[in-house]
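Note that the coordinates shown come from a computational prediction; the quantities given were computed from them, not determined experimentally. Both ligands and their constituent atoms are indexed starting at 1 by order of listing.
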Amino acid sequence: MSVDTHKETLGFQTEVKQLLDIVIRSLYRNKEIFLRELISNASDAADKLRFEALANDDLYEGDTELKIRVAFSKKARTVTVSDNGIGMSRSEVVDNIGTIAKSGTQEFLKALSGDQAKDAKLIGQFGVGFYSAFVVADRVTVETRRAGLGPEQGVRWDSEGKGEYSLETIEKAARGTDVILYLRKGEDEFLDGLRLRSIVRKFSDHINLPIVMKVDGKNEDETVNRASALWARPKKEIKKEEYEEFYKHVGHDFEAPLAYTHNRVEGKQEYISLLYIPARTPFDLWDRTQRRGIKLYVRRVFIMDDAEHLMPAYLRFVRGVIDSDDLPLNISREVLQQSKAIDRIRAASVKKVLGLLENISKKDPEKYVTFWKEFGKVLKEGVVEDPANRERIAKLLRFSSTHTNSEAQDVSLENYVNRMKKNQNKIYYVTADSFAAAKNSSHLEIFRDKDIEVLLLSERVDEWLVTHLTEFDEKSLQSVAKGKLDLGELETKADKEQQENTTKEHKEFVDRVKQALGDKVQDVRVTRRLITSPACLVADAQNMGANLERILTSVGQDVPLGKPILEINPGHPIVNHLMSQDDDARFKEWSHMLFDQALLSEGGQLDDPAGFVHRLNELFLQLAGK
Ligand code: ADP
Ligand code: MG
């Protein structure tokens with residue numbers, strides 16, 4: 001293997017340059033957190049070493065006492081954070097601190113507002129802790145050597161944070177990483193042992209490793225932090241701020257969490273869980289490959305970062321630790337996958353999180369609104385993914401509805417059921433691809449007329465949601481755009497009789513329309529749904545429905561397209577006009593127009609848009625008497 005040893009100067013990726021500027025600007029008021037971030041990284045590096053050493057003990061190189069050192073030099077005006085963790089190879093340095101390999105970085109940068117306080121939070125959620133060093137330093141040097149590589153394969157990374165960095169290969173006897181900050185002018189406050197100690201205690205007390213500093217004027221080490229597992233301490237001794245600082249470390253977040261739950265489980269299986277719900281959607285929530293989530297410990301020893309086995313995908317936003325007293329210390333990922341003990345811990349932890357959410361929704365509805373806005377879409381996946389907890393999850397769902405008519409999703413199924421009409425026995429909903437389309441759907445006309453509430457569903461996941469959530473509180477969920485409209489007991493006998501009569505009365509006309517439309521429709525019938533619109537399309541009760549068909553087609557799936565049913569409103573003047581049309585060719589044209597506009601209004605695409613426009617123009621000309 002040839003090792004690239006020369007010194008080279010590389011440019012930062014454009015995104016890194018932009019981010020650096022933003023980090024420096026937005027964190028300026030809070031600059032002491034650079035130390036928290038560097039210590040957090042050092043602690044992660046120690047965890048990674050422990051994990052890799054499970055499979056290869058040699059990585060310890062005879063030094064198993066993992067620790068973090070904070071040092072400063074008044075003369076050189078430097079602050080240095082060192083660890084004997086995993087270290088980095090030359091290419092890892094380039095990948096980890098010269099590049100931001102996160103998909104969507106550009107979008108993220110665009111989302112920044114320029115408002116420093118707001119951006120500081122966003123930056124935190126994006127996870128760029130290392131760059132916070134440049135808030136206090138105008139030059140940063142990283143000297144690192146990956147565990148397992150020879151001392152001649154150390155790397156020095158050096159940058160003024162302006163656009164480029166240099167890399168060179170160095171000798172480094174000890175594995176791990178030293179981050180050396182050359183302080184900016186005016187940042188001398190950090191060249192002070194007391195000040196540094198107090199920052200460490202304030203932000204990093206919970207770090208599980210000793211953070212050591214030299215005792216002033218002596219060649220003697222002193223551990224500055226408590227260096228014990230926070231989660232293992234009794235609940236009542238832990239302050240809220242301590243919980244929050246610990247979260248910032250495990251959650252790689254700059255902002256305090258929305259809520260947390262801390263439990264010690266005793267009995268057949270013993271473990272501690274400390275689980276957090278972030279205040280904001282983590283940047284990589286939609287990146288299915290991200291693994292950050294729950295850290296697994298066994299008897300206070302870090303084992304691995306693993307989101308998959310300890311939390312189901314629909315709770316992938318949960319952060320925290322689970323510390324088992326029973327699992328073997330050398331548990332591997334493979335064993336973990338099949339472990340019954342892990343399954344039980346996971347099932348119990350899911351219940352804890354759901355319980356926490358239930359609690360918030362009851363005791364602090366405003367906070368729940370925040371939660372729902374950030375994570376509602378993900379939680380909805382749970383209805384599909386977790387049948388065992390479906391009912392509990394269903395209670396946590398929130399929707400828009402015709403009752404509130406606002407895009408804010410704040411109606412629970414319980415709210416809906418409590419407001420149901422006296423004889424109503426179904427929960428009605430409409431799905432569409434936007435809130436506006438749902439709200440303005442013609443299928444809602446009769447429901448508005450009769451003041452029956454309808455849930456307005458407009459997120460993609462909703463289509464899956466309703467295929468799995470067919471019932472709530474013994475009431476079935478019913479799409480307003482599917483099947484024959486049956487309002488059940490909500491309609492009087494007289495209503496129904498009148499409906500039958502209308503159907504009979506217009507049978508001939510309906511058949512004529514059906515013939516005119518040929519194989520475009522499965523059926524044509526007189527509607528009950530419409531008040532102000534002339535026509536609408538509905539799906540057969542067994543079909544998936546137009547919105548779901550469109551979603552599946554858009555992601556490249558081959559779906560059997562169900563033919564729609566055209567329902568027409570015989571009370572509408574346009575339809576009346578059509579009825580009296582004797583000219584067969586015209587009748588056909590107009591029937592197609594009726595169909596096309598019904599298709600358009602529910603968000604569908606016309607087979608022949610130009611033909612539609614042509615027919616429309618013809619109609620204008622006729623009206624104008626030309
Ligand atoms: P995050 O910690 O959220 O991943 P950072 O910006 O803090 O983001 O760090 C970027 C990456 O640089 C880390 O993920 C890690 O791979 C690497 N890194 C930073 N500090 C160290 C260190 N002390 N030892 C090993 N790797 C490190
Ligand atoms: Mg970090």
Side-chain angles (χ1 to χ4, degrees), residues 12-13 15-16 19-20 22-24 27 33-53 59 66-71 79-102 105 108 122-135 137 140-149 153-157 159 161 165 167 172 174-181 203-204 207 209 211 245-255 278 280 282-285 287 289-293 295 302 305 307 319:
F12 278 123
Q13 193 194 12
E15 285 91 333
V16 176
L19 270 173
L20 263 168
I22 296 162
V23 168
I24 293 169
L27 296 184
I33 62 167
F34 79 88
L35 195 55
R36 173 187 84 192
E37 292 305 313
L38 298 181
I39 288 175
S40 175
N41 287 348
S43 167
D44 286 344
D47 285 350
K48 282 181 200 154
L49 175 65
R50 279 198 191 118
F51 176 65
E52 287 193 22
L59 292 179
L66 302 181
K67 59 182 170 200
I68 299 167
R69 175 179 300 282
V70 177
V79 171
T80 302
V81 178
S82 312
D83 65 70
N84 56 353
I86 191 72
M88 286 177 273
S89 66
R90 190 170 177 129
S91 63
E92 284 170 327
V93 171
V94 175
D95 288 347
N96 296 338
I97 54 186
T99 327
I100 295 198
K102 296 179 186 174
T105 305
F108 170 77
L122 283 174
I123 283 281
Q125 151 227 24
F126 190 73
V128 285
F130 173 79
Y131 299 122
S132 65
F134 287 101
V135 178
V140 177
T141 303
V142 177
E143 294 184 354
T144 184
R145 192 219 345 133
R146 198 179 205 291
L149 295 181
Q153 292 192 51
V155 184
R156 179 184 290 127
W157 178 97
S159 177
Y165 60 90
L167 266 188
K172 189 172 184 307
R175 68 148 196 270
T177 305
D178 303 328
V179 181
I180 305 150
L181 311 187
F203 294 118
S204 308
I207 291 287
L209 302 172
I211 302 169
E245 284 308 326
F246 180 64
Y247 163 74
K248 290 178 189 168
H249 168 60
V250 287
H252 292 257
D253 198 343
F254 283 26
E255 206 180 346
R280 210 178 284 274
F283 176 75
D284 47 5
L285 191 66
D287 177 1
T289 59
Q290 69 96 8
R291 286 180 149 262
R292 251 171 215 170
K295 285 176 186 266
F302 173 81
D305 277 308
R319 301 287 181 261

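At least one heavy atom of Lys48 sits closer than 4.0 Å to an atom of ligand 1. Residue-ligand proximity: Glu37 is placed with every non-hydrogen atom at 4.0 Å or more from ligand 1.
Among Ala45, Ser43, Ser82, the residue whose heavy atom sits closest to atom 25 (C) of ligand 1 is Ala45. When the heavy atoms of Asp83, Val142, Asn96, Asp95 are ranked by distance to atom 23 (N) of ligand 1, first place goes to Asp83.
If you take CD1 on Ile39 and CD1 on Ile211, they are separated by 4.0 Å, rounding to the nearest 0.5 Å. Distance check, rounded to the nearest 0.5 Å: CD1 of Ile68 to CG of Leu209 gives 4.5 Å.
Aromatic ring pairs are classed by plane angle as parallel below 30°, tilted from 30° to 60° and perpendicular above 60°; the pair Phe12 and Tyr131 is perpendicular. Ring geometry for Phe246 against His249 counts as tilted: the plane angle lies between 30° and 60°, on a 0 to 90° scale.
Side-chain atoms of Glu92 and Ser89 include a donor-acceptor pair closer than 3.5 Å.
Annotation: Asn41 places an N or O atom under 3.5 Å from an N or O atom of ligand 1; distance criterion only. Taking any N or O of His252, backbone or side chain, at least one lies under 3.5 Å from an N or O belonging to ligand 1. At a 3.5 angstrom cut-off on N or O pairs, Val179 does not count as close to ligand 1.
For Arg145 (side chain) and Leu149 (main-chain N/O), a donor-acceptor pair under 3.5 Å exists by modelled atom type. Although no hydrogens or angles enter the test, the distance criterion places a donor-acceptor pair under 3.5 Å between the side chain of Asn84 and the main chain of Lys67. Here the side chain of Thr144 pairs no donor or acceptor atom with the backbone of Gly87 at under 3.5 angstrom.
Under 4.0 angstrom from ligand 1, the non-hydrogen atoms of Met88 all belong to its side chain. Contacts between Ile97 and ligand 1, counted as non-hydrogen atom pairs separated by less than 4.0 Å, involve the side chain only.
The Mg ion (ligand 2) lies at 2.8 Å or more from every N, O or S atom belonging to Ser40.
Of all atoms in ligand 1, listed by their number and element, those nearer than 4.0 Å to a heavy atom of Gly129 are 5 (P), 6 (O), 7 (O).
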